[in-house]
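This report concerns only the one structure given below.
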Amino acid sequence: MASNVVPPRFSDAESDHPAVDRWCSTALTGAAARLLLLGPSWSGKSHMAYAAIRRLVNAGYGAERIAVTNAFEVARAYDVPLCAEVTMVDDVTISVDLRHEATEPRPLDQAEGQAALALQAAGLSEAITQLVRRSNQSWILIGSTEDRLVETLGKKTTAEIFAVADVADLPARPKPTWG
């Protein structure tokens with residue numbers, strides 16, 4: 001596959017998950033398809049999302065119609081690529097996940113750093129809210145849990161996501177051992 005929307009490490013990603021099947025079938029018809037992938041770290045969420053994107057590209061869906069990004073990029077830009085017909089946002093809950101999964105207390109950032117982080121959190125929330133509210137937009141959002149989505153995006157946006165998205169909650173898998 002000669003697509004720049006699927007990184008090399010996911011170039012052979014495949015999934016037979018029913019939610020991916022439904023999402024791909026819907027997106028390929030031109031209708032708005034929405035998929036929320038939830039699960040703990042290393043549960044295969046990104047793999048599954050790239051498998052879905054890869055399936056679209058392999059079916060002839062133009063890579064120029066797809067935007068793949070992550071929460072850090074969205075937060076910094078205060079924007080999500082809305083010009084694409086299909087948008088994937090990875091790591092939506094990463095800032096909350098890192099805070100909850102920290103093994104030791106982290107020193108507080110300087111006031112300027114805290115302000116920048118708050119601005120980025122607001123940017124992410126606003127951008128995802130805009131994405132979710134676009135009636136003709138297909139998307140895949142990737143996060144850890146519903147509670148952490150609420151903490152990241154707020155109750156209202158999280159409720160809007162759950163109202164329109166097909167949700168796949170993936171179980172934990174063994175973490176890889178790096179040799």
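With sequence neighbours left out, the side chain to side chain donor-acceptor pair (under 3.5 Å) criterion links Thr158 to no other residue. Under the salt bridge (charged side-chain N to carboxylate O under 4.0 Å, His left out) criterion, Asp97 pairs with Arg148, not counting sequence neighbours. When the side chain to side chain contact (heavy atoms under 4.5 Å, CB included) test is applied to Ser43, the partners found at least two apart in sequence or on another chain are Pro40, Lys45, Leu170. Not counting sequence neighbours, Ala111 has no partner by the side chain to side chain contact (heavy atoms under 4.5 Å, CB included) test. Considering only residues two or more places apart in sequence or on other chains, Thr129 meets the side chain to side chain contact (heavy atoms under 4.5 Å, CB included) condition with Ser125, Arg133, Thr157. Under the salt bridge (charged side-chain N to carboxylate O under 4.0 Å, His left out) criterion, Glu146 pairs with no residue, sequence neighbours left out. His47 is linked by a side chain to side chain contact (heavy atoms under 4.5 Å, CB included) to Phe10, Ala13, counting only residues two or more places apart in sequence or in another chain.
A single hydrophobic cluster is seen to contain both Leu35 and Val57, as judged by linkage of ILVMFWY side chains at heavy-atom distances under 4.5 Å, directly or through other members. Ile128 and Val150 are not part of a single hydrophobic cluster, where members link through side-chain heavy atoms under 4.5 Å apart.
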Intermediate values then yes/no, side-chain contact (heavy atoms from CB on, under 4.5 Å), Asn70 and Val89: CA-CA 5 Å; Asn70 64 54; Val89 183; 5.7 Å; no
Worked verdict on Tyr61 versus Arg55 for side-chain contact (heavy atoms from CB on, under 4.5 Å): CA-CA 9 Å; Tyr61 205 94; Arg55 194 181 301 175; over 6 Å; no
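Note that the CZ atom of Phe162 and the CG atom of Leu149 stand 6.0 Å from one another [nearest 0.5 Å]. Atom CG of Leu141 is separated from atom CG of Leu131 by 6.0 Å, given to the nearest 0.5 angstrom. Atom CD of Gln130 and atom CD of Gln137 lie 11.0 Å apart (nearest 0.5 Å). Taken to the nearest 0.5 Å, the OG1 atom of Thr93 stands 7.5 Å off from the CG atom of Asp91. Within the model, atoms NE2 of His17 and CG of Leu37 stand 8.0 Å from one another, a figure rounded to the nearest 0.5 Å. Note: Ser95 OG to Gln120 CD = 9.0 Å, rounded to the nearest 0.5 Å.
Considering all non-hydrogen atoms of both residues, Leu56 and Ala27 come closest at CD2-CB, 3.9 Å. The shortest heavy-atom contact between Leu38 and Ser144 is CB-O, 3.6 Å. Between Ala33 and Ser138, the shortest heavy-atom distance links the atoms N-OG, 2.9 Å. Pairing each heavy atom of Ser15 with each of Ala51, the nearest pair is N-CB, 3.7 Å. In plain terms, the two heavy atoms of Trp139 and Val164 that are nearest each other are CZ2-CG2, 3.8 Å. A pairwise comparison of heavy atoms in Ile142 and Ser46 identifies CD1-CA, 4.2 Å as the closest pair.
Annotation for Asp16: atom CG does not count as buried by contact number, only 12 or fewer foreign heavy atoms lying within 6.0 Å.
Electrostatic pairing of Glu151 and Arg99 counts as a salt bridge here, judged by a charged N lying under 4.0 Å from a carboxylate O. For Arg54 and Asp12, the salt-bridge test fails: no basic side-chain N is under 4.0 Å from an acidic carboxylate O.
In this structure, Leu124 and Thr152 have side chains that are in contact, with non-hydrogen atoms separated by less than 4.5 Å. Looking at heavy atoms from C-beta onward, Met88 lies in side-chain contact with Tyr50 at the 4.5 angstrom threshold. Considering only heavy atoms from C-beta on, Asp90 stays 4.5 Å or farther from Ile140 through its side chain.
In the hydrophobic clustering, Ile94 connects to Phe72, Leu98, either directly or through intervening members, whenever side-chain heavy atoms lie under 4.5 Å apart.
Applying the side-chain hydrogen bond (donor to acceptor under 3.5 Å, both in side chains) test to residues at least two apart or on different chains, none of the pairs has a partner in residues 25-36. Under the salt bridge (Lys or Arg N to Asp or Glu O under 4.0 Å) criterion, the residue pairs touching residues 163-174 are Arg22-Asp166, with sequence neighbours excluded.
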